[in-house]
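Lettering of chains follows the sequences in order, A, B, ..., and the numbering in each one begins at 1. We use all heavy atoms of the structure for the numbers below, so side chains are in, but hydrogens, waters and symmetry mates are not.
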There are 2 protein chains.
Amino acid sequence: MTKYEMIAGKIRQRIREEVYPVDSLIPDQVSLAKEFKVSRMTVKKAMDILELEGLILRKRGAGTFVKKTALSEGLTASIMEYEGLTKQLANQEVKSQVISFKLDFPNELTQEKLMLDKHDPIYKIIRLRVVDDAPYILEHTIMNANLIPGINEDILHQSIYDYIHKELNLQFGGAHRIIQADKASEYDQKYLDCDEHDPILEIEQVVYLEDGTPFEYSRSRNKYNTRSYNVVDF
Amino acid sequence: MTKYEMIAGKIRQRIREEVYPVDSLIPDQVSLAKEFKVSRMTVKKAMDILELEGLILRKRGAGTFVKKTALSEGLTASIMEYEGLTKQLANQEVKSQVISFKLDFPNELTQEKLMLDKHDPIYKIIRLRVVDDAPYILEHTIMNANLIPGINEDILHQSIYDYIHKELNLQFGGAHRIIQADKASEYDQKYLDCDEHDPILEIEQVVYLEDGTPFEYSRSRNKYNTRSYNVVDF
DNA sequence: CAGTGGTCTAGACCACCGT
DNA sequence: CGGTGGTCTAGACCACTGG
C-alpha cells in the first residue's frame, strides 16, 4: 500500500463520515501535507484518485470541494465491470445450463472481432444462466481456443472468467460493448421464458487481455424487464 | 499546453504512424526524458495519459508496450459523452419537434433523482428528435428550473446543452445512466413510427453539473433497430 | 544482477481565483 | 494581492522482471 493510497483512503473516510461535509472546502494541500508528514506531490496524487472517483472537484486558485454526489453514490466504480455474472450476483445462486459447446472455425465477422485467421480454432458456447431457478441470460460466446485452452463442460458450469484468471493466469485489459434492443428470436422464447413480443436487451461485447488481444466475442440476451445496464461516468 | 501533454501527443503520433509498432517495446522513460529534455516524472505523466487512453501497457521491471488495440480503436474516449444529440450527429441534419413544454412541480421519483423539494419548479419537456426527416428519439426531459432558467421554445428547437454551456456558463460533471429495453407505449408508436410490438431501447439518465448538482432527469427512447449504446472501457 | 517502471521528496515557478 | 492547485525538476530509493 502506497502513501498516496493511504491518504486517499483517510480523506475518503472523512468525506463519508462528513468530517468534510458535502459542498465544503477540503483543507489545502500544504496543510494536508503537513498533517500526513508527506510532500505536497503525494497529497496531490491522493487527490487525483478521489477526483477520478468523482468525490471531489478541484478549482485552481479556489480550493478543493466535496461534490454533492459524494455521499449518494453507492459505489465509486466508474463502469460496470466485465467480471462475469458469477461475481456480479455473488449473493444469489447462479447456475449455468450448457446448451451447446462446439469447436469450430470463425466466420468473417468473428475473424474481424477476434483478430483471427480463418483457420484458427474457436469455441462456440451457448449457455443459459439461471438465477434462483429462473432463466436469466442467454449467452452466445465465442472464444479464441488457442488463447484460452482447456475449456470443458465442468468449467462452463462454473465461471469461465475465474478459470482464465486463476488457472491460466491471464489478466483482462478491457472491453467494447454495444447495448441494443431486439425482438425475441425463437431461441430466446424457448430458453428465456418469454413471449413472442417481449423485447430483448442484448449486450454484445468483445473482451480483451491486458496486451489488447481479443479473446471473447459474446452476445448476452435477457428479457426486457429482468436486467438493465448501468453506467456511471464523471 | 503542458509539457507532458506535448510529449503524450508526440508518442501517440509515433504509435499511430507505427514508429513504435503494435506489441513492441517503447523506449524507456530515462531515454525519453533525455530525448525531450525533461525530467523522468514528466515522461511518466505523459505515459499516464496514454495508459488511460488504452494505448499502452506498462510492466514494472519489463518495460512499456504498445497494446494490440492501439491502432484499431476508432476513438480513445473512454465513454460515450453526454453531449446531446446535436454534437453526436454533427454532420447530419438534426431537428427538434417540441411536443410538450410545461412548468410543473416534481413527483416523488423526480424529487429524489434531482435532489429537489416538492415546491421547487421543474420544466417538463417532451421532444421528438428528427434526423434527416426520420423520427429518431423521443426524449422525456425534466429539468431543475431554478438551476437552468430561461428555457424557451427557441432553445428547445436547438441544443439545450449549448445553451447551458455557453449562455449560462455551467460546466457538466458527469451522468448516471440506465440502459434498458421496453415495450412500445402508445406514445412511442405515435411518434417513433413504430409498430405495437417493436422493442424500444431506453436510456434513462441523470446529468450533473461539475459540483455534483443534478440538473436533468431524462428518458430517451428509440426504436430497437435505429440506435445502440456503445461503451469502451479499459 | 542490470534495467525497468513506481513512489516520494523538497523546492521552485506558474496560472488562476477571490478579495 | 495572498492563497490555491498545477507543473516541473533532480535525485533518491524501492519493487519487479528477465536473463
Side-chain angles (χ1 to χ4, degrees), chain A residues 1-12 14-15 20 23-67 70 169-171 173 209-212 234, chain B residues 1-12 14-15 20 23-67 70 169-171 173 209-212 234:
Chain A
M1 182 71 96
T2 59
K3 284 193 194 178
Y4 65 84
E5 284 170 318
M6 299 271 298
I7 295 172
K10 289 243 173 87
I11 310 271
R12 194 185 300 112
R14 288 180 191 176
I15 290 174
Y20 303 148
D23 253 353
S24 69
L25 219 63
I26 282 182
D28 64 277
Q29 295 177 355
V30 178
S31 314
L32 289 171
K34 267 184 201 148
E35 181 194 333
F36 293 113
K37 297 198 172 58
V38 297
S39 77
R40 185 161 76 92
M41 283 293 294
T42 303
V43 171
K44 189 190 162 297
K45 264 198 111 171
M47 293 308 201
D48 288 345
I49 293 176
L50 300 178
E51 181 165 61
L52 260 180
E53 292 176 349
L55 294 178
I56 60 171
L57 167 66
R58 295 192 276 189
K59 283 179 133 153
R60 221 183 204 154
T64 300
F65 303 81
V66 180
K67 276 204 198 185
N169 258 312
L170 297 172
Q171 305 302 316
L209 296 179
E210 59 173 1
D211 72 347
F234 295 102
Chain B
M1 182 71 96
T2 59
K3 284 193 193 178
Y4 65 84
E5 284 170 317
M6 300 271 298
I7 294 171
K10 289 240 172 89
I11 309 271
R12 194 186 300 113
R14 288 180 192 175
I15 290 174
Y20 303 148
D23 253 351
S24 70
L25 219 64
I26 283 181
D28 65 277
Q29 295 178 355
V30 178
S31 314
L32 289 171
K34 267 183 200 147
E35 181 194 335
F36 293 113
K37 296 198 174 62
V38 297
S39 76
R40 185 162 76 94
M41 282 295 293
T42 304
V43 171
K44 188 190 164 296
K45 264 197 111 171
M47 294 308 200
D48 288 344
I49 294 176
L50 300 178
E51 180 165 63
L52 260 180
E53 291 176 349
L55 294 178
I56 60 170
L57 167 67
R58 295 191 276 188
K59 283 179 135 153
R60 218 185 213 158
T64 299
F65 304 81
V66 180
K67 276 203 197 186
N169 258 311
L170 296 172
Q171 305 302 316
L209 296 179
E210 59 174 359
D211 72 346
F234 296 103

Distance below 4.0 Å between B/Thr64 side-chain N/O and C/dG5 OP1 or OP2: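 Checking C/dG5 against B/Thr64, a side-chain N or O does come within under 4.0 Å of OP1 or OP2.
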For A/Lys44 against A/Gln29, the heavy-atom pair lying closest together: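 The pair with the smallest heavy-atom distance is CG-NE2, 4.1 Å.
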Rounding to a whole Å, what distance do you find between [X]:[atom1] and [N]:[atom2]?
{"X": "A/Arg60", "N": "C/dC14", "atom1": "CZ", "atom2": "P", "value": "13 Å"}
{"X": "A/Arg58", "N": "C/dC16", "atom1": "CZ", "atom2": "P", "value": "16 Å"}
{"X": "B/Lys44", "N": "C/dT4", "atom1": "NZ", "atom2": "P", "value": "17 Å"}
{"X": "B/Asp28", "N": "C/dG3", "atom1": "CG", "atom2": "C1'", "value": "8 Å"}
{"X": "B/Lys34", "N": "C/dG3", "atom1": "NZ", "atom2": "P", "value": "12 Å"}
{"X": "A/Lys59", "N": "C/dT19", "atom1": "NZ", "atom2": "P", "value": "12 Å"}

5′-ward residue of the pair A/Ala62/A/Glu5 relative to DNA chain C: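 Looking at DNA chain C, the more 5' nearest nucleotide goes with A/Glu5.
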Of A/Val43 and B/Asp48, the one whose closest DNA chain C nucleotide lies more 5':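 By nearest-heavy-atom nucleotide position, the 5'-most residue is B/Asp48.
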Are any of the side-chain heavy atoms of [X] and [Y] separated by less than 4.5 Å?
{"X": "B/Ile11", "Y": "B/Ile56", "result": "no"}
{"X": "B/Met47", "Y": "B/Leu32", "result": "yes"}
{"X": "B/Ile7", "Y": "B/Lys45", "result": "no"}
{"X": "B/Asp48", "Y": "B/Leu52", "result": "no"}
{"X": "A/Ile49", "Y": "A/Tyr4", "result": "yes"}

Under the side chain to side chain contact (heavy atoms under 4.5 Å, CB included) test, residues paired with B/Lys10 that sit two or more places apart: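 Result, side chain to side chain contact (heavy atoms under 4.5 Å, CB included) vs B/Lys10: B/Phe36.
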5' precedence on DNA chain D between A/Gly61 and A/Met41 (nearest-nucleotide basis):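 Per heavy-atom nearest nucleotide, the more 5' residue is A/Gly61.
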Chain A contact limits on DNA chain D, taken 5' to 3' with a cut-off of 4.0 angstrom to heavy atoms: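 Nucleotide range in contact with chain A: D/dG3 to D/dC8.
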Sugar-phosphate, base or nothing in reach of B/Val38, heavy atoms under 4.0 Å: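 If one applies the 4.0 Å heavy-atom cut-off, B/Val38 turns out to touch the sugar-phosphate alone, with no base involved.
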